[in-house]
Amino acid sequence: MTTPTPVRIYDSLQKQKVAFSPLVPGKVSMYLCGPTPYAAAHIGHAYSAICFDLIRRGLIFLGYDVTFVRNVTDVDDKIIKAAAETGEDPLALSARFADAYNADMARFAVMAPDIEPRVSTHIDPIIKITERLIERGKAYAVDGDVYFSVASFPTYGKLSGQSIDELEAGARIAVDDRKRAPADFALWKAAKPGEPSWPSPWGLGRPGWHIECSAMCWSHLGETFDIHGGGKDLIFPHHENEIAQSQGAFGDDSFARLWVHNGFLNFEGVKMSKSLGNVFGCGEIANAVGAEALRFFLVSHHYRSPIDFEITEVRDAAGTPVGVRFPGLEAADRRLEYFYVTLDRIDGFVAAGGDGGDGAVVPGADRLLDDARAALADDFNAPVTIAAMGEAAKLANKLLDEGKGVAKDVRRRSLARLGRDLRAAGDALGVLGQAPATYLAARRERLVARRGLDVAAIDGLLAERAAARAAKDWARADALRDQMAGLGVELLDTPRGTDWRVKDDE
RNA sequence: GGUGCCAUAGCCAAGUGGUAAGGCAGUGGUCUGCAAAACCACCAUUCCCCAGUUCAAAUCUGGGUGGCACCUCCA
């Protein structure tokens, strides 16, 4: 195995990019706060999963052996509430939505986690950590509840920049007077009727919100591991509390060595929220532009930056809103099409005449992987990686168009190399994994459906135009081109006949 | 009130001390019966504003302005 490429990662705790050196050379242990499944996943869930999938794939691409843990929080207030409304068992309900979540993530090329622990099967380590915190004087039991005492953890607030005093001053939560300090938070909650509960030294109850992640990290990655990730919104209080619990139990040098947080998705400049009515489901987006276009769009931005989605309302003739479109996503899909068309051309060329065997390639045809490595090693810079892929695709198209001055085998070899490397770099980002024909056909089908086109009619016009062209009746051929353009169909004459595509930019 | 983040061309978007990647759109060109696609060329003396540090700043410091988020469930 080759030596992994050294990588620099932005650490939320140190607030700067740092040289990353894993606990065990060559191996990386990662924990990501996963979903709390109580409803269908929305695009924000997908973004977080995709960001950390990008980091995971990036590390693998750079030569690391990654252990990736993403939990499912299946014991939670929201799940219990949703289950009460449907009469379903809370664990069954969350299992159902967890499966749906995983199916959605698979559509976006998110790799399944190596380990996917659930809270409900980690009650034992939760109790153990809680007991340990009580023994160490960092937690206290009151009437079947157990609270963590923030006063016992002097560095509380180091991740979020909050201080206990300020939190108290600005607290918007009603203060529970059984707590010693307002910022103290529950590790264990006494059971309420009808809720899932487990026996504990403090009576029947269930875990508080933050302790589960500390327990699952400990169970699967040990007291100390490399990277802990999540959405920016989790910094406070969730991750702050995780640090307090875990380090309170296992010491100041324990727990995550690096914290990574992804930026948020905004729609028309504002965050996505139910009250604003701008929550978009994974399925809705995937059907509108294709799952891979969303993935491509997202990795065209740096994972720490906020991403803004432009939305265009679609109205019918009477002015009634009938849906929305996402111009940015559609632009990303067009760029993705360019890459697939390029791969398709390369594949056709190589299939027809071979890959030219081993040997030298044209200048620049061998640099993509090095460029991708350099970009990804610098805090997983996917946009720069995509730019490098663009250069490679451009060179491939150039060789395809005008390979005249290049020796035959060098040309074949270069194109085969470019195709391979494009796919390898794409794999590091989770894109370009489909067969070009599959992607291209699905895209055309999607656009045909959107415009309500009749493919049989198009084929008829195509045949008619072919006949006109054969007869050199250019006026008729052009009239047919115009007619089809009016339908939104663009014609592409090639030496092997006429192909067509649906215009999507209006 | 407290804590963070962001501001780069018409649009999208990298770049955290060394003299502005990439994409879209646009303009001109090659190719084409004409187109499209592809390719080539052009396209920010300048990075929200002001002051400062430095030989050197989009990048660092201070002060503004505008936007967003967290402190309550939130990806």
Side-chain angles (χ1 to χ4, degrees), chain A residues 10 12 15-17 32-36 38 41-52 76-78 81 157 159-163 165-174 183 209 229-238 240 261-266 269-275 279 297 300-302 304-308 310 327-328 330-332 334-335 337-338 341-342 345 371 375 378-379 381-391 393-402 469 472-475 477-478 481-482 485 489-495 498-501 503 505:
Chain A
Y10 184 90
S12 303
K15 301 199 191 331
Q16 59 180 344
K17 277 189 207 173
L32 170 64
C33 287
T36 300
Y38 65 100
H42 62 241
I43 188 178
H45 297 110
Y47 185 46
S48 195
I50 288 171
C51 285
F52 289 94
D76 173 90
D77 291 345
K78 296 188 292 293
K81 186 163 171 273
L159 180 66
S160 59
Q162 307 281 344
S163 78
D165 292 344
E166 285 153 0
L167 286 170
E168 288 183 21
R172 281 197 251 161
I173 11 168
W209 172 31
K232 265 195 166 105
D233 60 317
L234 293 179
I235 290 176
F236 190 87
H238 187 55
E240 195 71 71
H261 292 97
N262 67 274
F264 256 36
L265 257 29
N266 293 321
V270 295
K271 80 169 205 166
M272 182 168 62
S273 79
K274 283 177 185 162
S275 55
V279 174
F297 175 79
S300 299
H301 300 69
H302 191 86
R304 277 189 284 114
S305 304
I307 300 183
D308 194 46
E310 190 189 343
E330 290 173 12
R334 280 196 288 279
R335 187 63 179 163
E337 182 195 32
Y338 166 82
V341 168
T342 302
R345 296 184 73 195
D371 288 347
D378 183 14
D379 201 24
N381 196 324
V384 169
T385 306
I386 289 177
M389 289 165 66
E391 294 298 328
K394 189 187 286 186
L395 177 57
N397 277 311
K398 206 182 302 187
L399 283 168
L400 253 2
D401 282 348
E402 28 173 285
R469 291 184 76 212
K472 296 212 191 305
D473 182 355
W474 304 128
D478 288 348
R481 179 198 290 288
D482 290 345
V489 174
E490 235 167 30
L491 300 182
L492 295 73
D493 291 329
T494 76
T498 300
D499 196 6
W500 59 279
R501 62 199 292 269
K503 290 202 290 191
D505 55 354

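Both backbone and side-chain heavy atoms feed into the values below; hydrogens, waters and symmetry mates do not. Labels below follow one simple rule: chain letters A, B, ... track the order of the sequence lines, proteins then strands, and each chain is numbered from 1.
Pairing partner, B/C48: B/G64, with both Watson-Crick or wobble hydrogen-bond distances short of 3.5 Å. Pair assignment for B/C34: none, as no Watson-Crick or G-U wobble contacts are both less than 3.5 Å. Base pairing annotation: B/C55 forms a Watson-Crick or G-U wobble pair with B/G18, both donor-acceptor distances under 3.5 Å. Applying the Watson-Crick and G-U wobble criteria (two distances, each under 3.5 Å), B/G1 pairs with B/C71. Base-pair partner of B/G10: B/C24 (Watson-Crick or G-U wobble, both distances under 3.5 Å). Pair assignment for B/C39 gives B/G29, based on Watson-Crick or G-U wobble hydrogen-bonding distances that are each under 3.5 Å.
Nucleotides B/G64 and B/G4 place their P atoms 16 Å apart, quoted to the nearest Å. Nucleotides B/A51 and B/A56 have their P atoms positioned 16 Å apart, rounded to a whole Å. B/G17 and B/C60 have their C1' atoms separated by 8 Å, given to the nearest Å. When the P atom is used for both B/U53 and B/A20, the distance is 24 Å, rounded to whole Å. Here the separation of B/C74 from B/U46, taken at their P atoms, is 47 Å to the nearest Å. Straight-line distance between the P atoms of B/A25 and B/G66: roughly 36 Å, to the nearest whole Å. Remark: the separation of the P atoms in B/U61 and B/C5 is 11 Å, to the nearest Å.
A/Q16 comes within 4.0 angstrom of no nucleic acid atom, judged by non-hydrogen atoms across all strands.
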What protein N or O atoms touch nucleotides 16-20 of chain B N or O atoms at under 3.5 angstrom, if any, and at what distances?
{"from": "B/U16", "atom 1": "OP1", "to": "A/K17", "atom 2": "NZ", "distance (Å)": "3.4"}

Report all interatomic pairs (protein N or O, nucleotide N or O of nucleotides 7-14 of chain B) with separations under 3.5 Å.
{"from": "B/A13", "atom 1": "OP1", "to": "A/H301", "atom 2": "NE2", "distance (Å)": "3.4"}
{"from": "B/A14", "atom 1": "OP1", "to": "A/H302", "atom 2": "N", "distance (Å)": "2.6"}
{"from": "B/A14", "atom 1": "O3'", "to": "A/N381", "atom 2": "ND2", "distance (Å)": "2.9"}
{"from": "B/A14", "atom 1": "O2'", "to": "A/N381", "atom 2": "ND2", "distance (Å)": "3.3"}

Mind listing the N/O atom pairs, protein and nucleotides 32-39 of chain B, below 3.5 Å?
{"from": "B/G33", "atom 1": "O6", "to": "A/R465", "atom 2": "NH2", "distance (Å)": "3.3"}
{"from": "B/G33", "atom 1": "O6", "to": "A/R469", "atom 2": "NE", "distance (Å)": "3.2"}
{"from": "B/G33", "atom 1": "N1", "to": "A/D478", "atom 2": "OD1", "distance (Å)": "3.0"}
{"from": "B/G33", "atom 1": "N2", "to": "A/D478", "atom 2": "OD1", "distance (Å)": "3.0"}
{"from": "B/G33", "atom 1": "N2", "to": "A/D478", "atom 2": "OD2", "distance (Å)": "2.5"}
{"from": "B/C34", "atom 1": "O2", "to": "A/D478", "atom 2": "OD1", "distance (Å)": "3.3"}
{"from": "B/C34", "atom 1": "N3", "to": "A/R481", "atom 2": "NH2", "distance (Å)": "2.8"}
{"from": "B/C34", "atom 1": "N4", "to": "A/D493", "atom 2": "OD2", "distance (Å)": "2.8"}
{"from": "B/A35", "atom 1": "N6", "to": "A/D493", "atom 2": "O", "distance (Å)": "3.1"}
{"from": "B/A35", "atom 1": "N1", "to": "A/D493", "atom 2": "N", "distance (Å)": "2.8"}
{"from": "B/A35", "atom 1": "N3", "to": "A/R481", "atom 2": "NH1", "distance (Å)": "3.0"}
{"from": "B/A35", "atom 1": "N3", "to": "A/R481", "atom 2": "NH2", "distance (Å)": "3.0"}
{"from": "B/A38", "atom 1": "O3'", "to": "A/N397", "atom 2": "ND2", "distance (Å)": "3.3"}
{"from": "B/A38", "atom 1": "O2'", "to": "A/D401", "atom 2": "OD2", "distance (Å)": "2.5"}
{"from": "B/C39", "atom 1": "OP1", "to": "A/Y338", "atom 2": "OH", "distance (Å)": "2.5"}

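The CZ-C1' distance, from A/F236 to B/C74, rounds to 15 Å in whole Å.
Taking only side-chain nitrogens and oxygens, A/K78 comes nearer than 4.0 Å to OP1 or OP2 of B/C74.
Using a 5.5 Å limit on the distance between ring centres and a 30° limit on the angle between planes, the aromatic ring of A/F264 counts as stacked on the six-membered base ring of B/A75.
The nearest pair of heavy atoms linking A/P306 to A/N266 is CB-ND2, 4.1 Å.
Considering only side-chain atoms of A/N266, the nucleotide from B/A21, B/C68, B/C73 that sits closest is B/C68.
Atom CG of A/L265 is separated from atom CD1 of A/I307 by 5.5 Å, given to the nearest 0.5 angstrom.
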